[in-house]
Asker: 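I have a structure here, written as C-alpha cells, and I will follow up with some questions on it.
Starting from 1, each residue takes its place in the sequence as its number. What you see is a predicted model; the values in this text were computed from it and never measured.
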Amino acid sequence: MRNKITYLALLGLFAGAAQANCPAVTVADDKGVAAGKYPQQYELSEFESLAGCKLSFSENPDIGALNARIRGNPEMPSLAERLPAEPLVMAPYDSIGQYGGTLDVLSNATEAGTSDFLSVRHVNLVRYSDDLQTIVPNIAKDWEWNDDFTQLTFFLRKGHRWSDGAPFTADDVKFWYDELALDSKVIEKPKDYVLVAGEPMTVDVIDPQTVRFNLPAPKPGLLAHFATSFAQGFQPKHFLGQYHPDINPDADKLAQEAGFENGLEVIKAYFGNSDWTDTPTPMLNAPDKVGNLPADTMPTLESHIYTTDTTEGRHLVANPYFHIVDTQGNQLPYISEQDEVYINDNEVRILKLVNGEVDYKSQSLQLPSAPILLENQEKGGYKIQLRPEITLPTFGFNVTSADLEKRKVFGDLRFREAMSIALNREEINQVVNFGQGNPTQYIGFSPRPEFVDSKWESHMTQYDPDGANARLDEIGMKDTDGDGMRELPNGEKLVLNLQFATQGIAGQLVEMAGQHWADVGIQTTVKEVTPDEFRSAQSANQLDVVMWRKSQPLAIVLGNNELWVPPFENYFGVRNGMLWAEWVDSNGEKGVEPPDYVKQLIDDVNAFQSATAGSDEFKQIGARMVENITGNLLFIGVARAPAPIFHHNNLHNFTDFKTHSYEYYRTYPYRGTQWWLDE
C-alpha cells in the first residue's frame with residue numbers, strides 16, 4: 001500500500017512539473033530544451049512536449065488601446081480568441097522582451113526605399129531561417145511536396161485570424177491566386193512566379209486549413225519564392241472579395257455607395273494593380289473617399305497595421321491577432337508602434353542616423369557612407385555591421401533605345417565590351433569601396449554555383465583602354481569635330497546621360513565610370529535623381545544607361561525567372577530591353593524582336609526551373625544561361641562590396657545579419673517581431 005501511495009505521489013509530482021511555468025528559451029540559452037523540427041521556433045504542441053510544460057498566454061497591456069486606433073476593427077475579444085489554436089512559438093535571440101515603444105525608421109519616399117521597413121513586419125507562408133539555407137514555417141504550419149514537385153500542399157493554422165478578427169483560411173490563398181494574381185483586370189500580366197514555364201497553376205482548397213498548388217510541370221523553387229518574396233500568397237477574401245464582381249454580384253453597387261466607379265476601383269485602392277505590398281492605402285491614394293470605405297487599410301496578417309499614411313510618412317500599430325508568441329507565451333510583437341518618415345535626400349538621412357534618431361536602417365546605405373557612420377557610433381548610440389552584398393552594381397546600355405542610332409551602337413557587342421574593359425575596376429574598388437570589394441562581372445547568380453565556369457566572373461573585367469579604343473574605332477565611332485569625344489558612326493553627337501539614384505548605386509561609382517568612359521572618348525553627364533524618377537524613365541525606355549544593384553542566389557532563380565527574361569527584372573530593379581519585353585508580352589505583335597540568345601534564355605530558365613537539381617541537364621542549362629547573359633554583356637558588373645547595417649543600442653534581440661540583401665527580403669530571416677526597445 002505504501003508503495004502504491006508513493007508511486008501515485010510521484011505521478012502527481014511529475015504531473016505538477018508538467019504544469020509549471022515554461023522555461024524562457026532563447027537562442028542564446030536553450031534552458032536544456034531540445035531544438036524542434038525547425039531552428040529557433042516550435043509549434044505549440046512540440047514546444048510543450050520538449051519543454052515538459054503547458055504554455056499560458058499573455059498580451060501587450062496596451063493592445064486594447066492600439067486596436068481602438070485601427071479604423072474598422074471591432075471591439076477586441078480575449079487573447080484566447082485572437083490567437084490560433086496552435087500559435088507559432090518563437091525563441092527570441094537573447095531575451096524575453098518588454099512591451100511598448102515605437103520603432104523609428106527612415107525611407108526615401110512613398111514606394112521608394114521602403115522594402116527595408118516592410119520586411120520588419122513581413123509574413124509569408126514560409127521564410128528562410130537566419131542561416132539563409134533552411135526554409136521554416138511562418139503563416140503555414142507546414143508543407144509537403146509530392147515526389148516530382150508538381151504538387152505543393154500547405155497546412156495552415158486552425159483559428160488563425162486576420163487583423164480584423166475574420167478567419168484566415170485556405171480560401172484566402174485561392175482567392176489571391178485566382179481572383180487577383182491571374183485576373184488581368186487586377187494585375188494586367190501574371191507575374192512569372194505564379195506561372196510554371198509560362199503556364200498557370202491551379203489551387204485547390206482541400207479543407208479550411210489545407211491548400212494545394214497543382215503545377216503543370218516541376219518547379220521546386222516555388223517554395224523558396226514564398227520564403228523570400230514581398231508578394232504574399234494570400235489576401236483577405238472576406239474584405240476584398242466583397243468588391244470583386246466575380247464573387248459578389250453587388251460589388252459595383254457597394255463600391256458606388258462608397259464613392260467609387262466600380263468594385264475593381266476599390267480593390268485597386270486597397271490592393272493596387274500589382275503584387276507590390278507597398279501600395280499606398282486609401283488614406284493616401286483616395287483620401288476624399290476613405291470615409292465611405294469600411295477601413296483605412298485592408299486587414300493584414302503582418303505584425304503591424306497602418307493607422308496613418310501620408311506623403312511625409314506612415315504610422316502603424318501592433319496587430320492584435322498576430323499568430324506568434326515567445327517561449328513564455330507573450331504574444332508578439334513586443335514593439336507597440338512603428339513610425340516611418342520619408343526623406344529623399346541621402347545626406348539628410350545619414351545625418352539623422354549619425355544623430356541616433358533612427359532605430360534601424362539598411363536599405364540605401366552603401367559602403368561610401370560607412371566611414372562617417374562608423375566614426376560616430378559611440379556618440380550616436382548605435383552599432384554598424386558591415387555585411388557582404390549578394391548583388392553588385394551593374395550598368396546596362398539600352399539595347400532598345402528609342403534613338404535608332406544609339407540602338408545600333410548599344411546593340412553592338414563590341415561597344416558593350418569596350419565599355420566594360422574601359423572601367424578601371426581596381427581603381428573604383430579602392431576609391432569607392434576602400435579596397436573592401438571584389439571586382440567581378442555580372443553572371444546572374446550570386447554566389448557562383450559550381451556548375452558555372454569561374455572564367456565568367458572575370459569576363460571582360462580587365463582594364464584595357466587600348467582594347468576599348470580599338471573596338472570603338474572598329475565600330476566607326478570617330479572624333480569628327482576635334483573636341484576629343486567620339487561621335488556616333490553617322491556623325492551625330494553622342495552624350496551618355498548617366499542618371500542614378502543613391503538607393504541603387506553609389507554616386508561616386510557612377511562619376512568614376514563616367515570619367516573612365518570619357519577617357520576612351522565617350523562623353524558623359526551625371527545626374528542624381530530620385531528612385532521614382534529613375535524607375536519611371538527606365539520603364540519608359542528613356543535612359544541611355546540603366547544602373548542599379550543586381551544578382552540573385554540560385555534558390556531564388558529556381559522560383560523566379562525575372563533576371564533571365566526581358567526586361568530582366570521587375571519595376572523596382574534594373575531593366576534593359578524594354579522593347580524586347582514588349583515583343584515577348586505581345587507574342588510578337590508589338591515591340592522589337594530580341595536576338596536568338598535572348599529567346600534561348602527564356603526557354604532555358606523555364607527548363608532550368610523544372611530540371612532535377614544537380615542533374616547533368618540542370619548543370620548544362622545553367623551554364624548556358626550564364627554564357628548567354630554574361631557573354632553578351634547585357635549587364636556589366638563592377639565590384640561586389642559589403643554595405644552598412646545600422647541599429648540603435650536601444651533595440652534588443654538584434655542579431656548579426658549574414659548579408660546586406662534584398663534577395664532574402666532584408667530583415668525577414670532575422671525576425672523583427674521579437675525585437676524590443678529599451679526606451
Asker: Checking side chain to side chain contact (heavy atoms under 4.5 Å, CB included) between Phe397 and each of Val546, Asp412, Leu496, which is the one that passes?
Answerer: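 Among the candidates, only Leu496 passes.
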Asker: Quick one: are Phe534 and Trp548 in side-chain contact, heavy atoms under 4.5 Å?
Answerer: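 Result yes, sub-4.5 Å side-chain heavy-atom pair found.
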Asker: Using every non-hydrogen atom in the two residues, find where Ser610 and Ala217 come nearest and quote the distance to one decimal.
Answerer: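 Minimum heavy-atom separation between Ser610 and Ala217: OG-CB, 3.9 Å.
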Asker: Please answer whether the main-chain N or O of Ser119 pairs with a side-chain N or O of Thr667 as donor and acceptor at a distance below 3.5 Å.
Answerer: yes
Asker: Would you say the side chains of Ser115 and Arg666 form a donor-acceptor pair under 3.5 Å?
Answerer: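 There is such a pair between these side chains.
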Asker: Can we say Arg624 and Asp604 salt-bridge, meaning some charged N sits less than 4.0 Å from an Asp/Glu carboxylate O?
Answerer: yes
Asker: Can you name the nearest heavy-atom pair linking Ile475 to Pro489, along with the distance?
Answerer: O-CG, 3.9 Å
Asker: Give, for atom CG of Asp532 and atom CG of Asn108, the distance between the pair rounded to the nearest 0.5 Å.
Answerer: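 Those atoms lie 9.0 Å apart.
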Asker: Does Lys493 pair with Asp483 as a salt bridge, N-O distance under 4.0 Å?
Answerer: yes
Asker: Over 60° means perpendicular and under 30° means parallel, so tell me whether Phe226 and Trp176 are parallel, tilted or perpendicular.
Answerer: perpendicular
Asker: Measure the OG1-CG distance between Thr400 and Asn576 for me, rounded to the nearest 0.5 Å.
Answerer: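 Thr400 OG1 to Asn576 CG: 6.5 Å, rounded to 0.5 Å.
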Asker: For Phe608 and Trp564, I'd like to know if the aromatic rings sit close, meaning centre-to-centre distance below 6.0 Å.
Answerer: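 Centroid separation for Phe608 and Trp564: 6.0 Å or greater.
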Asker: For the pair Ser536 (side chain) and Glu533 (backbone), establish whether a donor and an acceptor sit closer than 3.5 Å, ignoring hydrogens and angles.
Answerer: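 Answer holds: no.
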Asker: Carefully, step by step, assess Tyr664 and Phe657 under the rule ring pair (Phe, Tyr, Trp, His ring centres under 6.0 Å).
Answerer: CA-CA 11 Å; Tyr664 288 98; Phe657 287 26; over 10 Å; no
Asker: Can you measure from CG (Asn429) to CG (Asn438) and round to the nearest 0.5 angstrom?
Answerer: 7.5 Å
Asker: Can you tell me if NZ on Lys478 sees more than 12 non-hydrogen neighbours from other groups inside 6.0 Å?
Answerer: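 Yes.
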Asker: Tell me the salt bridge (charged side-chain N to carboxylate O under 4.0 Å, His left out) pairs involving residues 561-580, sequence neighbours left out?
Answerer: Lys550-Glu569
Asker: Quick one: does Ser446's side chain have a donor or acceptor within less than 3.5 Å of a partner on Ser551's backbone?
Answerer: no
Asker: Do Asp596 and Gln600 have side-chain N/O donor and acceptor atoms under 3.5 Å apart?
Answerer: no
Asker: Is there a donor-acceptor contact under 3.5 Å from the side chain of Arg425 to the main chain of Gln441?
Answerer: no
Asker: Under the criterion ring-ring contact (aromatic ring centres under 6.0 Å, His included), which of Tyr665, Phe230, Tyr128, Phe117 is the partner of His122?
Answerer: Tyr665
Asker: Could you grab the distance from atom CG of Asp275 to atom CD of Gln232, nearest 0.5 Å is fine?
Answerer: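 Reported to 0.5 Å precision, the distance equals 10.5 Å.
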Asker: Determine whether more than 12 heavy atoms belonging to other residues, nucleotides or ligands lie under 6.0 Å from atom NZ of Lys408.
Answerer: no
Asker: Run the salt-bridge test on Arg471 and Glu474 with the 4.0 Å N-O cut-off and return the result as yes or no.
Answerer: no
Asker: Can you tell me if Glu340 and Thr114 form a side-chain donor-acceptor pair at under 3.5 Å?
Answerer: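 Not at all, the side chains of Glu340 and Thr114 share no donor-acceptor pair under 3.5 Å.
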Asker: Taking all non-hydrogen atoms of both residues into account, name the closest pair between Glu389 and Ala643 and its distance.
Answerer: OE2-CB, 3.6 Å
Asker: Donor-acceptor pair, distance only, cut-off 3.5 Å: does the side chain of Asp309 make one with the backbone of Thr281?
Answerer: yes
Asker: Is it the case that the side chain of Lys619 and the backbone of Val452 share a donor-acceptor pair, with hydrogens and angles ignored and the cut-off at 3.5 Å?
Answerer: no
Asker: Could you walk me through whether His225 and Ile556 satisfy the side chain to side chain contact (heavy atoms under 4.5 Å, CB included) test, starting with their C-alpha distance in whole Å, then the side-chain angles of each, then the deciding distance to 0.1 Å, before giving a yes or no?
Answerer: CA-CA 6 Å; His225 161 77; Ile556 295 178; over 6 Å; no
Asker: Whether the His516 and Glu427 side chains hold a donor-acceptor pair (N or O, under 3.5 Å, no angle test) is what I'd like checked.
Answerer: yes
Asker: Is there a donor-acceptor contact under 3.5 Å linking the side chains of Asp116 and Tyr662?
Answerer: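 No pair is found: no donor N or O on one side chain lies under 3.5 Å from an acceptor on the other.
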Asker: Taking all non-hydrogen atoms of both residues into account, name the closest pair between Ile421 and Gly467 and its distance.
Answerer: CD1-C, 3.7 Å
Asker: Return the CG to NZ distance between Asn262 and Lys185, rounded to the nearest 0.5 Å.
Answerer: 10.5 Å
Asker: How far apart are the closest heavy atoms of Val186 and Ile267, and which atoms are they?
Answerer: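 Taking every non-hydrogen atom into account, CG1-CG2, 4.4 Å.
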Asker: Is there a donor-acceptor contact under 3.5 Å linking the side chains of Tyr342 and Arg314?
Answerer: yes
Asker: Measure the spacing between CD1 of Ile636 and CD of Glu417 and express it to the nearest 0.5 Å.
Answerer: 9.5 Å
Asker: Between Lys406 and Glu492, does at least one N-O distance fall below 4.0 Å, as a salt bridge requires?
Answerer: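 The answer is no: the pair does not qualify as a salt bridge.
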Asker: Quick one: ring-ring contact (aromatic ring centres under 6.0 Å, His included) partners of Phe500, sequence neighbours excluded?
Answerer: none
Asker: Are Asn344 and Thr530 linked by a side-chain donor-acceptor pair shorter than 3.5 Å?
Answerer: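 Side chains of Asn344 and Thr530: no pair found under 3.5 Å.
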Asker: Do the ring centers of Phe635 and Phe395 come within less than 6.0 Å of each other?
Answerer: no
Asker: Sub-3.5 Å donor-acceptor pair from the side chain of Ser458 to the main-chain atoms of Lys455, do we have one?
Answerer: yes
Asker: Under 3.5 Å, is there a donor-acceptor pair between the side chain of Gln503 and the main chain of Gly113?
Answerer: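 Present.
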Asker: Quick check on the 6.0 Å ring-centre criterion: do Phe618 and Phe451 meet it?
Answerer: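 Under 6.0 Å, so yes.
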Asker: Taking Thr480's backbone N and O only, do any of them form a donor-acceptor pair with Glu487's side chain (distance below 3.5 Å, no angle check)?
Answerer: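 At least one qualifying donor-acceptor pair exists.
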Asker: Using only atom types and a distance under 3.5 Å, with no angle test, would you say the side chain of Trp517 pairs donor to acceptor with the backbone of Met419?
Answerer: yes
Asker: Which pair of non-hydrogen atoms, one from Asn124 and one from Gly233, has the smallest distance, and what is that distance?
Answerer: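 So the minimum-distance heavy-atom pair works out to OD1-N, 3.3 Å.
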